[in-house]
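Worksheet: one structure, shown below.
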Amino acid sequence: MRGSSTPSVRGPGQIQIIVNVSSRETRIAVLEDRDLVEYRVEREERVVGSIFKGVVQNVLPGMDAAFVDIGLERNAFLYVADIMPDDINDNSPASVRRSELRRRKIKELIKPGQELMVQVTKGPRGTKGARVTTRISLPGRYVVLMPEHSQVGVSRKLEDRKERERLRRIGEKITPAGFGLIMRTECEGRSAEELLADVQFLQQLWAQTMESAKRLRAPAVVHRDQTLLYRTIRDVFGDEIDRLVIDDPEEYEKVSLVAGMVVPALRGKITLYDQEEPIFDHYGIEKDLDRLLLHKVWLKSGGYLVVDETEALTAIDVNTGKQVGSHSLNETILSTNMEAAREVCRQLRLRDMGGIIVIDFIDMEEADAQKRLLDYFTKQLARDRARTRVGKISSLGLVEITRKRTGESVTEAITSLCPLCNGRGRIASSDTVGLWIERDMRRRLNEPGNAFHIVCHPAVVEALIGADGEVIEEMEHELQRGLYIRANHDIGIEEYHIEGGTIEEFDRYFMGFRRAQVLECTVRRSAVESTGKVIGWTDGGYFVELLGAEDLVGQRVKVVLQDIRRAFGVGDVIQPVGNRS
């Protein structure tokens, strides 16, 4: 039976997973003790975890690495340590295996033109391609199945010695021949029958993967990792979660079905949200997301953090700000640092920062205060599911940590490089602004009228229209509104204006066009560089897709309209009428 969300939005001490599903993205937020602590967004198919049949393009002995074509935009990077040679005994001690692998040269292991089965361990980032390994693993709810291995391991996070031994004995009994097994943290307290069911499911998945590998020609994907929502059910939705609320009936049914197979005891915690108010508005998450991209993060005491993410590392600076304290300077500094430590841990999870992170706490001279801060910081980090390592506080008050992340940070996923500052800062991407506009229109569906007129940046116009008009057509169908989108070349990418009205009214004001009409346009390149398209913009900001006008960028041209829609048209260039950039 479907549940529905209750008026109690964020109860004290509750941990809730809130899921917002739309046709263009899935957003998942984790609320903990009333605070947003994790946020993930998926707008395209995931690469990390997927398995590919690839072709070795070139081998670089000087780097002990190779580049493998797996069918993505850039070749993947394969390091020698990520190749498991056939002749190394998996049962030998780890130190022996490492020693043997260190002596190997990559040219002895693979050669150009060779086909390999590889799994992506780190997604493409910036100018770098994906990182891959031949050591394939399939994660399940309780175990990780490793083809062509033979060892059984137990998660290091399980500290109880008796439980570790129990799980190791079960693992040795249920591990199929020719496979290795890792018992995940979720194994704790689980029966042999539950663990065996997980193993059998993964074994069947591997059989399907091998069948695809035989059938497909390289380069090709032979197994795609699951969607963000499925992975959340698999990896996050545990006994400590009080509720999972989802706003899409179809996905709710799928999630309930998956949970029934993976975690049947928790199925009753899944709730369908069916109120008119958007789910992220209802739970106050949109307000938190507005602050997600801020360079400065304020603390309740009046202090603040300054967060700078770079390609090499992330720097977080702690400042007392407006906090003046009530006793001594040392107490004020310690109080600010302790509050900052808690917020830093939250920001690490919320933005999904990875790699090297340096926190510049306010200098403290007393060794006891430094120890209290580091102990508290380490305790807060224990709530993070990502693997972290913490160094000591340096003489300069710096704490260096490393945090494992397999793909883009949330900041990278929802923003693009700012063209005005050449990458020194970030702005919302055109896709992100387009989704803001879509959500704002959904909030206004109860207003009178059957149409919206939107004025926004040209790049956002393109994002809203989509390739061949597919996005705008789908939005009009879902919203049941006519959409009249016009560009303003003089506003910033995050600026836009939405006006409600009727189709009859907007047709009179904004649709003074007819088929075979001749009009003037300025030719510009598409904001989506990969398409190679050129676009004509009328003086009123009407988007005209031009055919065969690649050599006329920057010029003013006459165009005859072949097709007309509310948001865009298609036309042929008749003749240039002058130069205008």
Side-chain angles (χ1 to χ4, degrees), residues 12-13 15 30-40 155-159 185 236 240 288 291-292 294-310 312-406 409-411:
I15 302 179
V30 178
L31 307 180
E32 189 175 289
D33 296 336
R34 299 177 179 269
D35 293 324
L36 175 65
V37 295
E38 291 185 31
Y39 174 67
R40 299 293 180 270
S155 169
R156 295 176 184 176
K157 290 186 178 180
L158 290 170
E159 298 178 354
T185 311
V236 184
E240 72 281 6
D288 290 331
R291 297 189 289 270
L292 178 61
L294 294 180
H295 184 58
K296 184 181 289 186
V297 179
W298 286 97
L299 305 175
K300 292 180 181 178
S301 64
Y304 63 89
L305 310 178
V306 175
V307 182
D308 285 301
E309 293 186 65
T310 70
L313 57 82
T314 297
I316 302 176
D317 186 36
V318 181
N319 298 272
T320 52
K322 302 174 183 177
Q323 186 178 13
V324 295
S326 56
H327 294 87
S328 66
L329 175 62
N330 287 341
E331 287 186 8
T332 301
I333 291 173
L334 179 59
S335 173
T336 303
N337 278 339
M338 296 287 261
E339 185 183 10
R342 183 171 62 251
E343 184 61 28
V344 165
C345 293
R346 175 174 172 263
Q347 291 294 326
L348 291 177
R349 296 171 64 187
L350 185 56
R351 304 189 190 210
D352 197 21
M353 302 177 197
I356 299 172
I357 298 145
V358 178
I359 303 105
D360 184 8
F361 287 106
I362 304 168
D363 290 345
M364 297 182 299
E365 296 180 358
E366 297 179 4
D368 181 62
Q370 292 182 3
K371 185 178 185 303
R372 286 175 60 189
L373 172 62
L374 195 60
D375 289 345
Y376 181 74
F377 184 55
T378 305
K379 183 179 178 181
Q380 292 292 313
L381 273 179
R383 306 170 79 173
D384 193 342
R385 287 191 304 275
R387 191 162 68 242
T388 56
R389 295 177 59 187
V390 185
K392 296 180 180 179
I393 297 181
S394 75
S395 59
L396 300 176
L398 302 176
V399 175
E400 181 182 300
I401 73 170
T402 59
R403 184 176 186 273
K404 183 176 177 57
R405 191 190 69 221
T406 57
S409 69
V410 172
T411 306

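Positions are given from 1 along the sequence. Values reported hereafter were calculated over all heavy atoms of this structure, with side chains retained and with hydrogens, waters and symmetry mates removed.
- Met338 CE to Ser301 OG: the interatomic distance, rounded to the nearest 0.5 Å, is 13.0 Å.
- When all heavy atoms are compared, the tightest approach of Arg40 to Arg349 is NH1-O, 3.3 Å.
- Across all their heavy atoms, Arg351 and Leu294 have their closest contact at NH2-O, 3.0 Å.
- Checked by atom type and distance alone, the side chain of Asn337 pairs as donor or acceptor with a backbone atom of Ile362 at under 3.5 Å.
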Distance-only donor-acceptor pairs under 3.5 Å for side chains of residues 369-380, two or more places apart:
residue: Gln370; atom: NE2; partner: Met364; partner atom: O; Å: 2.6
residue: Lys371; atom: NZ; partner: Asp375; partner atom: OD2; Å: 2.8
residue: Tyr376; atom: OH; partner: Arg342; partner atom: NH1; Å: 2.9
residue: Thr378; atom: OG1; partner: Leu374; partner atom: O; Å: 2.8

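- Under the salt bridge (Lys or Arg N to Asp or Glu O under 4.0 Å) criterion, Arg403 pairs with Asp352, Asp384, sequence neighbours left out.
- Summarising the local packing, CD of Glu365 is surrounded by 12 or fewer heavy atoms from other residues, nucleotides or ligands at distances under 6.0 Å.
- Interatomic distance, Ile357 CD1 to Thr402 OG1, rounded to the nearest 0.5 Å: 8.0 Å.
- Residue Leu36 holds its CG atom at 9.0 Å from CZ of Arg291, rounded to the nearest 0.5 Å.
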Step by step, would you call Arg156 with Arg387 a side chain to side chain contact (heavy atoms under 4.5 Å, CB included)?
-> CA-CA 11 Å; Arg156 295 176 184 176; Arg387 191 162 68 242; 5.9 Å; no
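- Taking CG of Leu334 as the reference point, atom CG of Asp368 lies at 8.5 Å (rounded to 0.5 Å).
- Nearest heavy-atom pair, Asn319 versus Val306, reported as atom, atom and distance to 0.1 Å: ND2-CG2, 4.0 Å.
- For the pair Arg385/Val236, a side-chain contact is recorded, criterion being any heavy-atom separation below 4.5 Å from C-beta on.
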CA sep, side-chain torsions, deciding dist, call: Thr336, Thr320, side chain to side chain donor-acceptor pair (under 3.5 Å) = CA-CA 6 Å; Thr336 303; Thr320 52; over 6 Å; no
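- Note that CG of Leu348 is 5.5 Å distant from CD1 of Ile316, once rounded to the nearest 0.5 Å.
- A distance of 4.5 Å separates CG in Leu299 from CD in Glu339, rounded to the nearest 0.5 Å.
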